[in-house]
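If you're wondering where the values come from, they're calculated on a predicted model, not measured in any experiment. Residue numbers count from 1 along this sequence.
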Amino acid sequence: MVTTDEFEVLRQQIQRLKKELAEVKQRNAELERVRSSAAPEVGELPVAISEFEETLRRLVQRTAMIVQAEKCVIMVRDRETGDLVARPPAFGMTDEELREFRISPDRGISGAVFQSTAAGIFHDAATDERAVAENLVRFRIRNGVSVPLLIEKRDEENRIVDRITVGVLHCFNKRYGGEFIEEDVRLLERLSRNAAAVIANAQMFQEVVEEKQKLVHTLESLTAGLIFLNQRGRIGQMNTQARAMFAVPEDFNPIGRPIEEVVRHEECLKLLHRKLEELCHPQKEEEVGGIRQPDEITVHDKDDVEYIYQVHATSVTDDNGNPLGTVFLFTDITDLRHVERMKTEFVSIVSHELRTPLTPMKGFVRTLLDDENEEWYTREDRREFYKIIEENVDRLGRLIDDLLNVSRIERMGAAGLDMKWEEVDLRKAVEDVATVQRARTNKHTIVVDFDPETIVVETDPDKIQNILHNIISNAIKYSPDGGEIRIIGRLEPATETEPESVLVGVKDQGIGMTEHDLKAVGNKFYRTAQSKSIGGTGIGLFLVINLLKAHRGRLWPESEGLGKGSTFWFRFPVRQPRDENGNILPLTMDLKE
Ligand code: ADP
């Protein structure tokens with residue numbers, strides 16, 4: 001007779017067996033699924049990294065389920081440090097644990113399996129030497145089974161010719177307090193082949209993606225514009241600079257489009273086609289009778305500012321020499337061409353400027369010479385003539401000094417300027433210059449507005465005169481209709497980045513400047529379009545900027561726009577920095593330019 005108690009025990013046993021049977025069935029079904037799905041999982045390269053991640057996530061999950069492990073994790077060799085590091089996704093381990101799970105390949109269970117390429121079981125992480133070395137207990141690991149992740153290279157007859165170990169696959173903590181057995185090793189070895197293939201593919205894919213990113217970054221960091229055209233005349237690559245050059249809208253993707261759809265610039269398209277022709281038939285170049293056609297194009301941006309680009313073309317081939325396409329490089333040579341153009345203009349302008357004072361000098365000297373007996377002109381007349389001659393000699397002298405200073409700056413930067421430092425009352429210096437300049441005009445009112453009245457600064461008296469003369473005479477010259485010229489002087493207290501300085505502004509009501517002019521004035525020989533009808537050399541401000549650099553100072557212009565007047569501001573330290581002996585520190589190399 002079966003008692004109620006015995007009946008209850010039997011009922012529980014049946015229950016447990018049923019549960020185990022269900023689990024075994026599920027295991028078998030999983031195994032079957034892995035077997036049948038293995039091929040497509042590793043057969044072809046998934047298109048995105050996220051797909052690899054998903055595949056691996058499923059793989060570790062299933063592996064853990066099949067060998068009944070609480071945790072499953074893949075370790076791979078870190079390319080930078082050479083260590084074996086846990087690679088997400090894993091099963092049963094937190095992100096933080098994964099980040100900390102790393103070991104040198106000559107230590108621990110991971111190292112032993114990786115080096116020997118032989119699987120291993122450990123039954124007690126607390127006592128197993130290798131597990132202790134790897135400090136596995138800290139990840140709450142009791143026991144485990146580990147297999148190497150191997151990639152096998154085979155020849156045509158399916159013989160293994162090479163084996164590469166890409167990592168280690170671990171399963172930790174057998175469920176229900178059980179132990180891992182040899183059967184688990186065999187199962188894991190089977191599954192590890194899939195994992196190894198996916199890992200190898202993912203790594204390869206990652207490398208390709210990284211290489212591509214590196215290439216794109218390099219292309220983007222070029223200051224030149226770059227377009228790669230494939231064999232079918234479609235754009236394969238176009239960097240930001242090239243997109244800006246040809247005003248490609250930000251939301252338009254030019255990749256894969258025919259060049260004519262993206263570059264709507266006749267002159268450029270013609271040049272690109274000619275370059276393609278030249279690459280296909282290199283002898284063509286000579287056929288044109290040795291006269292090389294220019295490789296330059298001129299592009300105007302939306303503000304109608306002109307840019308000149310030199311275009312280089314190179315064929316791109318693969319390792320076997322098969323053509324892949326053509327790379328076009330657009331180098332901005334606007335400044336170079338402008339300087340060349342301006343130099344030519346400059347020579348004629350300077351000749352003219354040198355000749356201008358010579359004409360009155362020659363005239364008055366002739367007049368005085370003709371009056372052999374000094375009877376035609378009074379003493380006052382003659383003094384007046386001498387004064388005019390002297391003024392023009394001074395003007396000539398200043399022009400020659402400016403030219404000499406420009407060449408000195410060109411060779412040595414602002415540090416090439418020889419400074420004779422003195423303490424100078426700046427307002428007085430301004431008043432002196434204003435007096436001289438007032439004598440030149442009766443259309444302008446020159447106002448000196450200093451607060452405080454006396455600002456004593458360290459400067460070279462000749463150089464500060466040169467700066468003030470240049471800026472104030474420009475204010476007069478570029479205000480042909482007259483108006484007020486206000487010279488403002490202020491003391492600026494020291495800040496965290498700048499020492500106590502003097503700020504000077506020369507404000508006029510003249511022709512004004514465009515935004516483009518504001519950036520460009522001060523470049524050697526630069527003259528604004530609206531000032532071309534007024535005489536000048538375009539070296540005054542270049543000199544002023546460098547003279548201010550020699551004071552450790554700077555200049556910046558402001559203007560509301562054409563016809564709205566301009567203000568030229570400059571500031572420099574009231575006292576120059578000194579060394580321990582009290583001598584003014586020379587300009588450092590970085591300030592030379
Ligand atoms: P320039 O001998 O031509 O006057 P500068 O170097 O002194 O040479 O000035 C460069 C250019 O800057 C001038 O040609 C002019 O176009 C512009 N410029 C300078 N000062 C003014 C001003 N006060 N108002 C408008 N334009 C100015």
Side-chain angles (χ1 to χ4, degrees), residues 47-50 78-81 202-265 267-269 271-272 275-276 278-279 294-303 305-319 323-340 413 515-516 518-520 522-524 526 588-593:
V47 285
I49 286 290
S50 62
D78 182 63
R79 263 190 287 161
E80 268 167 36
T81 61
Q203 275 178 344
M204 221 157 65
F205 190 80
Q206 184 76 35
E207 275 166 30
V208 171
V209 169
E210 280 171 10
E211 278 304 310
K212 184 165 178 209
Q213 274 166 353
K214 251 194 258 165
L215 189 71
V216 170
H217 282 150
T218 313
L219 298 185
E220 287 302 320
S221 62
L222 285 178
T223 46
L226 177 138
I227 297 179
F228 171 72
L229 268 196
N230 68 18
Q231 288 297 86
R232 287 173 293 124
R234 286 173 185 265
I235 294 176
Q237 201 58 253
M238 185 170 192
N239 70 358
T240 312
Q241 285 75 353
R243 286 172 206 223
M245 241 173 241
F246 296 109
V248 178
E250 262 182 39
D251 54 355
F252 178 83
N253 182 6
I255 310 298
R257 304 290 180 119
I259 181 82
E260 291 79 8
E261 244 180 54
V262 180
V263 175
R264 301 195 179 275
H265 188 288
E267 190 195 347
C268 177
L269 287 175
L271 179 62
L272 298 191
K275 288 260 157 203
L276 283 173
E278 281 173 10
L279 287 174
D295 295 341
E296 293 174 19
I297 51 162
T298 305
V299 180
H300 289 91
D301 73 2
K302 58 174 177 12
D303 302 322
V305 179
E306 178 187 275
Y307 290 92
I308 305 168
Y309 298 104
Q310 188 159 44
V311 185
H312 296 274
T314 316
S315 307
V316 183
T317 54
D318 66 11
D319 288 346
L324 294 176
T326 312
V327 167
F328 294 98
L329 211 57
F330 299 79
T331 319
D332 186 348
I333 53 161
T334 317
D335 288 344
L336 198 80
R337 286 285 174 272
H338 277 182
V339 168
E340 278 169 10
E515 269 192 36
H516 175 71
L518 289 174
K519 286 188 212 123
N523 285 343
K524 214 175 351 175
Y526 182 82
T588 47
M589 292 302 285
D590 55 307
L591 277 166
K592 278 189 182 174
E593 270 315 297

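- The shortest heavy-atom contact between Ala224 and Thr331 is CB-CA, 4.4 Å.
- Note on ring orientation: taking the six-membered ring where Trp is involved, the planes of Phe330 and Phe328 are tilted (angle from 30° to 60°).
- Atom NE2 of His217 and atom CG of Asn239 lie 12.5 Å apart (nearest 0.5 Å).
- Contacts classified as salt bridge (Lys or Arg N to Asp or Glu O under 4.0 Å) and involving residues 241-253 (residues at least two apart or in different chains) are not found.
- Of the inter-residue distances, the one linking Asp335 atom CG with Arg337 atom CZ reads 11.5 Å to the nearest 0.5 angstrom.
- Considering every non-hydrogen atom in both Thr218 and Lys214, the closest pair reads OG1-O, 2.6 Å.
- Closest approach of Leu222 to Gln241, counting heavy atoms only: O-NE2, 2.7 Å.
- From Gln237, atom CD reaches atom NZ of Lys212 across 6.5 Å, with rounding to the nearest 0.5 Å.
- Around atom CD of Glu340, more than 12 heavy atoms belonging to other residues, nucleotides or ligands sit under 6.0 Å away.
- To the nearest 0.5 Å, atom CZ of residue Phe246 and atom CD1 of residue Ile297 are 4.0 Å apart.
- Here Glu210 pairs with Arg79 in a salt bridge; the nearest charged N to carboxylate O distance falls below 4.0 Å.
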Exercise for review: Decide yes or no on side-chain contact (heavy atoms from CB on, under 4.5 Å) for Glu267 and Leu271, but give the supporting numbers first.
Suggested key: CA-CA 6 Å; Glu267 190 195 347; Leu271 179 62; over 6 Å; no
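- Scanning all heavy atoms of the two residues, the minimum distance from Met245 to Val299 falls at O-CG1, 3.6 Å.
- Smallest separation of non-hydrogen atoms from Val248 and Val262: CG2-CG1, 3.6 Å.
- Side-chain atoms of His312 never come within 3.5 Å of backbone atoms of Val327 as a donor-acceptor pair (strictly under, hydrogens ignored).
- Separating the CG atom in Leu229 from the CZ atom in Arg234 is a distance of 11.0 Å, to the nearest 0.5 Å.
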